[in-house]
There are 4 protein chains.
Amino acid sequence: MKSGTPLAPRRKPRQSRAQATCDAILTATAQILVKDGYDAASTNNVARVAGVSVGSLYQYFSSKEALVMAVMERHRAEGLTDLEEGMARLSGTTLREALRLLIRQVLAKKAANPRLHQVLMEQLPRMRQLQQVDPYAVRMLRLVRTYLEPHAAEVRPRDLDMAAFIIFNTVESLTHAALTGRPEYLARESYVDELCALVLGYLQPEREAVRRGGRPPLRTPRTRTVAARKSRSTGKR
Amino acid sequence: MKSGTPLAPRRKPRQSRAQATCDAILTATAQILVKDGYDAASTNNVARVAGVSVGSLYQYFSSKEALVMAVMERHRAEGLTDLEEGMARLSGTTLREALRLLIRQVLAKKAANPRLHQVLMEQLPRMRQLQQVDPYAVRMLRLVRTYLEPHAAEVRPRDLDMAAFIIFNTVESLTHAALTGRPEYLARESYVDELCALVLGYLQPEREAVRRGGRPPLRTPRTRTVAARKSRSTGKR
Amino acid sequence: MKSGTPLAPRRKPRQSRAQATCDAILTATAQILVKDGYDAASTNNVARVAGVSVGSLYQYFSSKEALVMAVMERHRAEGLTDLEEGMARLSGTTLREALRLLIRQVLAKKAANPRLHQVLMEQLPRMRQLQQVDPYAVRMLRLVRTYLEPHAAEVRPRDLDMAAFIIFNTVESLTHAALTGRPEYLARESYVDELCALVLGYLQPEREAVRRGGRPPLRTPRTRTVAARKSRSTGKR
Amino acid sequence: MKSGTPLAPRRKPRQSRAQATCDAILTATAQILVKDGYDAASTNNVARVAGVSVGSLYQYFSSKEALVMAVMERHRAEGLTDLEEGMARLSGTTLREALRLLIRQVLAKKAANPRLHQVLMEQLPRMRQLQQVDPYAVRMLRLVRTYLEPHAAEVRPRDLDMAAFIIFNTVESLTHAALTGRPEYLARESYVDELCALVLGYLQPEREAVRRGGRPPLRTPRTRTVAARKSRSTGKR
DNA sequence: TATGAATGAGTTTTCATTCAT
DNA sequence: TATGAATGAAAACTCATTCAT
């Protein structure tokens, strides 16, 4: 609506007092988001919880959206840093091992503060309308692509950008989906296994044998009721 | 916010005139959501566009949320029916062919009315807080699981519920991610190829050859700069 | 600031209850303007004094400005009607008599509710920024011009539009100036005399005699102190 | 609002650095008034543009109103000085010539910085509420009256105070009216002619001839349509 | 003197919802 | 059943002013 409003912080706090205020506001916002959700995070409420005046809030954040954005940035910056550090420690591991580490890390990160992650994720689309490109996503994609590049020859996908997009979004959304719809999965090692299988299977070169000779490809049974049971045992149509 | 409010339609319209009113309201809501987004869909505005009074709106929908929910139900019901019909026509096709058809269908469905899909998806989380179980998701998962069951033996995953969860969410989120972040992918055949490869690779049994003998597993190069180029050409660490 | 906001009433009141509300709001606004000035006329305050809710106010007036504008319109409409009626009763009077009547009317109108006139006049410039043409001024100018036209031959000014502009603004501003700076003038008959003389003198044809022969034109004395007294008696330089 | 606040400058700047600060503030204020109007001239904004802190602003100006007032004073002081100088150069000119010079000067002054003049004029009424007497107006009136006094005998008006009031306000408002409503008039020589005619006609002694014998006085036609044309040619009623 | 962080009452405006007609 | 006038809590945001440093 107010397209002209810049989302960047209005003023850089110069005195330490100002920095404290700024931090208090961000912390209060996160806390309210976690406890009562986005709608409860009105600017007046945030200011009250932070123990400052609304005016102070608006000296550092030009709008409510800028405020939530700042909380998001702060949070995602951690995630990004973690991941970058995680990737730095991968040298010498197999792809399978690397993936396992990273996926576990993503899951752990989200599970550590599930409510905040959820609330922020829900607000993401709104934010995107304001900020054309999402620098976090861009960096994430770059990270994945950078990891893939050295393996370009051994990996099935030709379009590495698309592959990065698919891998990143797969891991991200399945983590989020579990968080939201199957919280019990987050703790199960088998869920990590499955995510690894998903990504590895995606990267693996096409299997010639399977298609040419070997087993016949899976076929959908003719009907879903009676025939279903037969085909299950015989595997042919 | 008002948790006590029931979300079910207040009254079932019995007369055809009432049904027409009800439809007009739902249509107006969808139209506004598409054109101006969620925030523009105030009940007064909806009523005005639908050509009825606010009072009438509240006779059929107990709250704004119930209204948006109804729009969502209507929309998802179509998707579900489409998919069920699609699956009914699959008998005799290979898994690969079946997947391709279904993924294409999901993509096409979303691409047909991207704005509405997007807006509704953004509101989903809010709705979920009100409705503990999402019957649409339940039915979708059941559909996928039902398809997998006959193949349980030939497919790698053991936990078919988890597999259904993963497959459904993978396709759903990657479609949505493309819609939101890479609209150009929606029209590319290669994107469908990749989604198919992703799901197929996930379902395929582990490849013995790859692990035992054959090629050595991919390894992350020791460093990402110099060593990267070497390992790329030799493939060994 | 919000240029898109229309200033026309949002909704025409259809029920008599609505009309009453609408009137109450306008009356309350005028009352507050008179008693406490523009800044006190906050929408909440107006609503409170009118005995309605803010919401009702905004159902009939799209913004605070639209509200003040409506008060202004209502007020000016009276003035315009009065003047039109006054002019209808002028047939057969001399210009001098006509002018006297009209000027007295304008003065009386303003003196009847000086505070309201003053406050509204002060807000006029703000309003003008929103409404490019001021229909009241247009009609006023037309009225004056229409009166002048039949006399075009006997009157000195050639450009009747400019003449109308000058006459209208002269009477309007001198009335307002008196209201603001010399309220005692409003009741003095001599002030009316002077305004008449001003306008009549303006309309009269140039006086040949004075220029050709007769008295020499007034001259500014050489110095403002000593010489002043001499030139006053002799009139020559 | 806060009637207790004195409007006089808080402190007289004694050091030249302080004077510079003070000037910077006034200049910034004028600049903002011109560019973005009164509402944009918040004290914080002014301070920022002036390159000083709000605190400093409040050291020289006790309130926002005092600040705007100071800008106004500065501006009007120029106008007054100009006019005084202009009048000092009038000795020996005819009244007609003198008037012409002065009116042209007033017009030129306003046209030189129309926006600032306009904004300040709009704020004048607010200021007046704080300052009972407007010393600028007092001096202006005195100036006019002083000019008229030596001519008291040859001029029609008996009450020279009232005459000064009328002349000053006439010229001032017609200039302002043109600025606001007919900017094209500002450049037209004919507008100056008309203003001169207005004031001269006002000052001229009543014309005996016209009243006693000569032409009959102008009369308003009986009706404004048909009869109008006849009376126009015959001149009798 | 100068700074600029902090204040907080107060402003305009919206919108889900109710209820008399 | 339908209408639409009325409600009013609450939201985002501003800005003149103060005061500790």
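Scope of the values below: all heavy atoms of this structure, side chains included, with no hydrogens, waters or symmetry mates.
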Visitor: Using a cut-off of less than 4.0 Å, is there contact between a side-chain N or O of D:Gln59 and OP1 or OP2 of E:dA2?
Guide: yes
Visitor: Report the base-pairing partner of E:dG8 (Watson-Crick or G-U wobble, both distances below 3.5 angstrom), or none.
Guide: F:dC15
Visitor: OP1 or OP2 of E:dT12 versus the side-chain N and O atoms of C:Thr43: is any pair under 4.0 Å?
Guide: yes
Visitor: Nearest-Å distance, CZ (C:Arg48) to C1' (E:dT13)?
Guide: 18 Å
Visitor: Cation-pi check for A:Tyr58 against A:Lys64: NZ or CZ below 6.0 Å from the six-membered ring centre and within 45 degrees of the axis, yes or no?
Guide: no
Visitor: Within the pair C:Ser56 and F:dT7, is there a side-chain N or O less than 4.0 Å away from OP1 or OP2?
Guide: yes
Visitor: Without decimals, in angstroms, what is the distance between B:Asn45 CG and E:dA16 C1'?
Guide: 13 Å
Visitor: Please figure out whether A:Ala41 or A:Gly55 has its closest DNA chain F nucleotide nearer the 5' end.
Guide: A:Ala41
Visitor: Base, sugar-phosphate alone, or nothing: which one does A:Ser42 contact when heavy atoms must sit under 4.0 Å apart?
Guide: sugar-phosphate
Visitor: Rounded off to whole Å, could you give me the CD1-to-P distance for the A:Ile25 and F:dC13 pair?
Guide: 14 Å
Visitor: Would D:Asp134 and D:Arg76 pass as an ion pair if we require N to O under 4.0 Å?
Guide: yes
Visitor: Please compare C:Gly51 and B:Gly51 by the position of their nearest nucleotide in DNA chain F and report the one closer to 5'.
Guide: B:Gly51
Visitor: What is the nucleic acid contact for A:Asn44, judged by heavy atoms within less than 4.0 Å: base, sugar-phosphate only, or nothing?
Guide: base
Visitor: With a 4.0 Å limit, can you tell me whether A:Tyr58 has a side-chain N or O closer than that to the phosphate oxygens OP1/OP2 of F:dT14?
Guide: no
Visitor: Do the side chain of B:Thr27 and the main chain of B:Asp23 share a donor and acceptor less than 3.5 angstrom apart?
Guide: yes
Visitor: Could I get the full list of side-chain hydrogen bond (donor to acceptor under 3.5 Å, both in side chains) partners for D:Asn44, not counting sequence neighbours?
Guide: none
Visitor: Could you state the atom-to-atom distance from CG of B:Leu57 to P of E:dT18 in whole Å?
Guide: 12 Å
Visitor: Any side-chain N or O of B:Ser53 less than 4.0 Å from the OP1 or OP2 oxygen of F:dT3?
Guide: yes
Visitor: Tell me which of A:Val54 and C:Arg17 sits closer to the 5' end of DNA chain E, going by the nucleotide each one is nearest to.
Guide: A:Val54
Visitor: Rounded off to whole Å, could you give me the CZ-to-P distance for the C:Phe61 and F:dA6 pair?
Guide: 12 Å
Visitor: Output yes when B:Asp36 and B:Arg115 qualify as a salt bridge under the 4.0 Å nitrogen-oxygen rule, no when they do not.
Guide: no
Visitor: Could you tell me how far apart C:Asp39 (CG) and E:dG10 (P) are, to the nearest whole angstrom?
Guide: 13 Å
Visitor: Round to a whole Å and report the spacing from OH of A:Tyr38 to C1' of F:dA12.
Guide: 11 Å
Visitor: Nearest whole Å is fine: how far is E:dT13 P from C:Tyr60 OH?
Guide: 18 Å
Visitor: What is the base-pairing partner of E:dT3, counting Watson-Crick and G-U wobble geometry with both distances under 3.5 Å?
Guide: F:dA20
